[in-house]
Amino acid sequence: MSMTEKDAIMSQISKCWNVPAGAKNAQDLVVVINADYHPDGSYARVVLSRESQSRYNADPFFRSAADAAIRAVQRCSPLTGLSPAKYEGWREMELR
């Protein structure tokens, strides 16, 4: 998958994500999730990466942001504009 295609996907998802109110250093907050998609662009599964999972229980602000990121993937489903011919390239994605 090209960077342009990944940027288009991130643009769609970012429209559904809201930074939690009161988040400390929100500009530096990075949540990493792994999302699996069906051929129609709907999400099949979305989970936190190991890196993000380790912070999830320790930091309530991070937990709130991580939950919001997961909801964003769910709300923006199905993704649009994806090429079915490139399904193997976007079937599983790490999103930041």
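FYI, side chains are in, hydrogens and waters are out, and symmetry mates aren't considered; it's all heavy atoms of this structure. Note that the structure is predicted; figures quoted are calculated from it, not measured.
- With respect to the salt-bridge test (charged N to carboxylate O, under 4.0 angstrom), the residues Lys86 and Glu88 do not qualify.
- Atom-to-atom distance recorded for Tyr43:OH and Arg75:CZ is 11.0 Å, nearest 0.5 angstrom.
- A distance-only check finds a donor-acceptor pair linking the side chain of Ser49 to the backbone of Val32 [under 3.5 Å].
- Smallest separation of non-hydrogen atoms from Ser14 and Ser11: OG-O, 3.0 Å.
- Put simply, the side chain of Cys76 does not reach to within 4.5 Å of the side chain of Trp17, judged on heavy atoms.
- Remark: side-chain polar atoms of Glu94 are not paired, donor with acceptor, to backbone N or O of Ile33 under 3.5 angstrom.
- When side chains are defined from C-beta on, Leu95 counts as touching Met10, because their heavy atoms get closer than 4.5 Å.
- Without hydrogens or angle criteria, Ser42 side chain to Ser77 main chain gives no donor-acceptor distance under 3.5 Å.
- Ser54 contributes a side-chain N or O that, together with a main-chain N or O of Glu51, makes up a donor-acceptor pair within less than 3.5 Å.
- Of the inter-residue distances, the one linking Leu29 atom CG with Phe62 atom CZ reads 6.5 Å to the nearest 0.5 angstrom.
- Residues Asp36 and Val47 form no side-chain contact, since every pair of their non-hydrogen atoms from C-beta on lies 4.5 Å or further apart.
- Two residues are said to be in side-chain contact when any heavy atoms from C-beta on lie closer than 4.5 Å; Tyr37 and Val73 meet this criterion.
- No donor-acceptor distance shorter than 3.5 angstrom exists from the side chain of Ser52 to the backbone of Val31, with no hydrogens or angles considered.
- Of the possible donor and acceptor atoms, one in the side chain of Arg63 sits under 3.5 Å from a partner among the backbone N and O of Tyr56.
- A pairwise comparison of heavy atoms in Leu79 and Met93 identifies CD1-CE, 4.1 Å as the closest pair.
- The two residues Gly41 and Leu82 have their closest heavy-atom pair at CA-CD1, 4.3 Å.
- For the residue pair Glu5 and Ser2, a side-chain donor N or O sits within less than 3.5 Å of a side-chain acceptor on the partner.
- Atom CG of Asn34 is separated from atom CD of Gln53 by 11.0 Å, given to the nearest 0.5 angstrom.
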